[in-house]
Amino acid sequence: MERVLGIGGYFMRAADPAALNAWYRDCLGLDADENGLWRQETGPTVFATFESETDYFGSRAQQAMLNFRVRDLDAMLAQLRAKGADVAEETQDMEGVGRFGWVTDPEGNRVELWQPA
């Protein structure tokens with residue numbers, strides 16, 4: 001059986017694609033090139049499905065949620081707050097998995113930030 005090799009891309013609709021790209025670059029440090037190519041660091045990737053009625057993604061209209069691995073969750077959340085981003089107050093700790101926090105981008109997409117254990 002053929003198998004996928006990894007995530008090849010994540011694509012989002014945006015009212016203002018240039019502004020949303022700039023937000024991800026300026027707030028999260030996602031340094032994609034002019035074609036959107038981003039060389040991420042190696043590490044774990046989680047593929048999980050959720051019940052259709054979950055509130056975990058924030059808005060029920062949001063069908064998928066992007067999760068970024070971070071080195072220092074507290075520092076990332078502080079950086080986002082300093083830039084005026086919409087950062088959730090709560091964080092979550094999962095024993096053996098790591099810590100989680102959330103930010104909502106300017107287009108209303110909830111993004112999860114994960115500091116692996």
Side-chain angles (χ1 to χ4, degrees):
M1 176 182 156
E2 280 296 313
R3 298 184 183 277
V4 298
L5 303 175
I7 303 297
Y10 187 84
F11 308 99
M12 300 167 34
R13 297 177 197 266
D16 187 341
L20 192 57
N21 280 336
W23 185 88
Y24 278 88
R25 181 192 65 237
D26 298 343
C27 289
L28 295 176
L30 201 155
D31 56 350
D33 70 13
E34 67 278 356
N35 297 312
L37 184 62
W38 170 49
R39 301 260 183 219
Q40 62 181 309
E41 292 183 17
T42 60
T45 299
V46 175
F47 179 85
T49 56
F50 287 73
E51 293 290 331
S52 62
E53 299 299 312
T54 188
D55 291 326
Y56 195 71
F57 299 171
S59 166
R60 290 231 176 137
Q62 185 172 331
Q63 295 297 305
M65 184 169 58
L66 185 55
N67 170 299
F68 288 114
R69 280 179 276 112
V70 299
R71 193 173 342 274
D72 182 332
L73 181 63
D74 293 326
M76 177 60 81
L77 295 176
Q79 173 181 297
L80 288 163
R81 286 186 179 105
K83 292 183 178 289
D86 180 8
V87 178
E89 289 300 317
E90 76 278 357
T91 59
Q92 181 181 13
D93 294 296
M94 290 182 69
E95 188 174 331
V97 177
R99 297 182 60 229
F100 298 88
W102 299 269
V103 62
T104 301
D105 75 19
E107 295 272 342
N109 302 297
R110 185 174 179 166
V111 176
E112 185 169 67
L113 304 168
W114 171 35
Q115 179 182 323

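- By the 6.0 Å contact criterion, CD on Glu90 is enclosed, its count of non-hydrogen atoms from other residues, nucleotides or ligands being greater than 12.
- Taking hydrophobic clusters as Ile, Leu, Val, Met, Phe, Trp and Tyr residues chained together by side-chain heavy-atom distances below 4.5 Å, Trp114 does not share a cluster with Met76.
- One N or O on the side chain of Arg69 and one on the backbone of Pro44 form a donor-acceptor pair closer than 3.5 Å.
- Here the CG atom belonging to Asn109 is positioned 12.0 Å from the CZ atom belonging to Arg13, to the nearest 0.5 angstrom.
- Hydrophobic clustering, with ILVMFWY side chains joined whenever heavy atoms are under 4.5 angstrom apart, groups Tyr24 together with Leu77.
- Heavy atoms only, all atoms of each residue included: Asp26 and Lys83 are closest at O-CE, 2.9 Å.
- Residue Asp105 is tested with Leu20, Asp86, Leu66, Leu28 for a side-chain contact (heavy atoms from CB on, under 4.5 Å); the sole match is Leu20.
- Shown here is Arg60, whose CZ atom has more than 12 heavy atoms of other residues, nucleotides or ligands within 6.0 Å.
- One hydrophobic cluster, built from ILVMFWY side chains closer than 4.5 Å, holds both Met65 and Val97.
- Shortest non-hydrogen contact noted between Trp23 and Ala85 is CZ2-CB, 4.1 Å.
- Counting only distance, with no hydrogens or angles, the side chain of Asp55 and the backbone of Gly58 share no donor-acceptor pair below 3.5 Å.
- Minimum heavy-atom separation, Gln115 to Leu73: OE1-N, 2.7 Å.
- Under the 30°/60° scheme for interplanar angles, the aromatic rings of Phe50 and Tyr56 are found to lie parallel.
- The neighbour count for Ile7 CD1, taken as heavy atoms of other residues, nucleotides or ligands under 6.0 Å away, does not exceed 12.
- In this structure, Leu30 is a member of the same hydrophobic cluster as Leu80, with clusters built from ILVMFWY side-chain heavy atoms closer than 4.5 Å.
- When every heavy atom of Glu107 is checked against every heavy atom of Asp16, the shortest pair comes out as OE2-N, 3.3 Å.
- Hydrophobic clustering (side-chain heavy atoms under 4.5 Å, transitive across Ile, Leu, Val, Met, Phe, Trp, Tyr) groups Val46 together with Trp102.
- Scanning all heavy atoms of the two residues, the minimum distance from Val111 to Phe68 falls at CG1-CD1, 3.7 Å.
- Scanning all heavy atoms of the two residues, the minimum distance from Asp31 to Trp38 falls at OD1-CD1, 3.3 Å.
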